[in-house]
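These notes are about the structure you will find just below.
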Amino acid sequence: MRRQLNMINPMRLTEKGTRSKALLALTLVSITWGTTWLVSKAGVMYMPALQLAGLRQLTGGLIYIVYFISKGKAFPRGRQWIPVIILSILNFLLSNGLTTWGVKYISSGLGAIIGAVFPLWMVVIALIRGNSSLNRKSLIGFVLGFTGICIIFADHLHDFMNANFRFGIFLSITATLTWAFGTIYTKNQADSFNPYFSIGIQMVIAGFMLTSVSHATGNVIPITQIPVISWLSIIYLAVVGSVISFMAYIYALQHLPTEQVSIYAYINPLVAVFLGSWIFDEKLNAFIVFGGLIALCGVYLVNAEFRKNRDQPASQ
């Protein structure tokens with residue numbers, strides 16, 4: 001896996017790579033991807049969420065595409081477009097679009113915690129498909145994750161009387177489900193096409209779709225009326241959240257064990273929760289702290305088991 005990343009990494013970071021730089025890259029990813037929840041929250045306060053998500057995807061995707069075109073990379077051909085389009089719908093149109101829409105109605109910290117527990121859907125999907133390879137550890141992880149979410153929502157029961165809050169929760173949960181399906185589809189699709197160029201194309205496709213939906217539904221404001229704070233959010237999400245952080249993530253994968261790199265997924269929601277409490281005065285209490293930690297412990301167990309099964313050689 002690392003050798004493949006070394007060969008197709010557009011930034012050639014491995015030529016000067018060291019473990020200390022990889023740890024710095026991992027730290028960058030752990031923090032910046034946590035901040036994207038707050039930046040999204042700030043942006044959608046002043047403009048339609050789907051329009052913001054669309055502009056973000058278009059901007060970030062175009063940066064990728066311009067870079068790869070300048071390097072002479074070819075676009076997908078024939079059937080190579082099928083997984084690109086499917087993943088653009090699952091991962092960017094639905095998952096990212098719905099997540100951005102969701103934080104318009106719920107706190108950024110709560111949205112980040114919900115987003116982090118998407119591996120629990122992997123257990124549900126595996127059970128529905130009759131996968132008998134799930135062991136006790138993955139099932140315990142699922143129970144812990146579900147328990148943690150219940151603890152968090154125990155403090156939000158009165159909020160469910162608010163239709164907007166219910167809608168935000170629905171959007172966020174649906175986004176995690178589409179991301180889970182996107183993860184499964186990615187795992188099942190072995191394609192020789194450059195995955196990083198593919199991500200840029202997926203973002204542009206999703207960006208056009210999101211922008212089209214915004215205009216078709218009238219849920220849009222003129223470009224000239226988008227406030228500065230929303231433009232800053234779009235630029236940060238596109239450049240830092242979608243390009244710089246992703247390249248740092250690739251760099252970390254090249255130089256650190258996968259288990260170590262995966263820690264970012266558990267730090268992101270903690271960053272979002274604490275920064276949300278500090279900057280937006282979002283609720284932070286024992287229910288959220290302990291419920292979130294229990295949920296993340298469950299996610300860790302599920303992730304560990306799925307990685308173990310993935311890394312085992314196939315039986316002959």
Side-chain angles (χ1 to χ4, degrees), residues 33-53 56 94-121 123-124 141-180 210 213-214 217 219 227 229-230 233 237 241 265-300 302:
W33 275 349
T35 63
T36 56
W37 294 90
L38 282 86
V39 176
S40 295
K41 180 74 174 180
V44 298
M45 286 180 176
Y46 305 99
M47 68 178 295
L50 295 184
Q51 185 182 18
L52 182 144
R56 170 200 177 171
L94 294 177
S95 185
N96 183 260
L98 295 179
T99 294
T100 305
W101 196 4
V103 295
K104 192 177 185 71
Y105 305 108
I106 64 176
S107 69
S108 58
L110 183 56
I113 293 174
I114 293 175
V117 300
F118 86 90
L120 301 184
W121 283 117
V123 176
V124 174
F142 175 79
V143 172
L144 281 176
F146 183 74
T147 301
I149 292 298
C150 288
I151 292 174
I152 294 171
F153 283 142
D155 191 50
H156 285 279
L157 291 178
H158 63 282
D159 292 326
F160 277 93
M161 300 300 294
N162 184 325
N164 285 337
F165 180 84
R166 294 196 303 270
F167 186 56
I169 293 296
F170 169 77
L171 292 173
S172 299
I173 292 177
T174 303
T176 64
L177 180 59
T178 61
W179 186 262
L210 287 165
V213 170
S214 296
T217 58
N219 202 15
I229 188 171
S230 292
S233 297
L237 292 169
Y266 312 107
I267 298 178
N268 289 166
L270 299 180
V271 171
V273 167
F274 286 106
L275 286 183
S277 174
W278 176 41
I279 297 175
F280 291 134
D281 198 28
E282 295 177 349
K283 183 185 296 184
L284 178 60
N285 54 30
F287 286 94
I288 295 175
V289 173
F290 290 110
L293 291 176
I294 291 173
L296 292 178
C297 286
V299 170
Y300 173 80
V302 172

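Predicted model only: the values in this text are computed from it and were never measured. Residue indices begin at 1 and follow the sequence shown.
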* Structure fact -> Which of Ile113, Leu110, Ile151, Leu293 passes side chain to side chain contact (heavy atoms under 4.5 Å, CB included) with Ile288? It is Ile113
* Asked: Where do Ala180 and Trp121 come nearest, in terms of heavy atoms and distance?
  -> CB-CB, 3.7 Å
* Report yes if the side chains of Val124 and Phe146 come closer than 4.5 Å at any heavy-atom pair, otherwise no. => no
* To do: Flag yes if more than 12 heavy atoms outside Phe290 fall under 6.0 Å of its CZ atom; otherwise flag no.
  => no
* **Shortest non-hydrogen contact between Gly241 and Trp33, atoms and distance** => O-NE1, 2.8 Å
* Asked: Counting distance only, does the side-chain N/O of Ser233 pair as donor-acceptor with the main-chain N or O of Val39 below 3.5 Å?
  -> yes
* Is a donor on one side and an acceptor on the other found under 3.5 Å between the side chain of Ser277 and the backbone of Lys283? -> no
* **Over 12 foreign heavy atoms within 6.0 Å of CZ, Phe165** => yes
* Structure fact -> Nearest heavy-atom approach of Asn219 to Pro48 is O-CB, 3.1 Å
* Structure fact -> CD1 (Ile114) and CG (Leu120) are apart, to the nearest 0.5 Å, by 11.5 Å
* **Within-4.5 Å side-chain heavy-atom neighbours: Thr35 and Val271** => yes
* Structure fact -> Rounding to 0.5 Å, atoms CG (Asn96) and CH2 (Trp179) come to a distance of 8.0 Å
* Asked: Which atom names give the shortest non-hydrogen contact between Gln51 and Ser214, and what distance separates them?
  -> N-OG, 3.2 Å
* Are any side-chain N or O atoms of Ser172 and backbone N or O atoms of Thr99, one a donor and one an acceptor, separated by less than 3.5 Å? -> no
* Taking every non-hydrogen atom, the tightest pair across Tyr105 and Gly168 -> CB-CA, 3.9 Å
* Looking only at atom types and distance, does a side-chain atom of Lys41 sit under 3.5 Å from a main-chain N or O of Ile106, one as donor and one as acceptor? -> yes
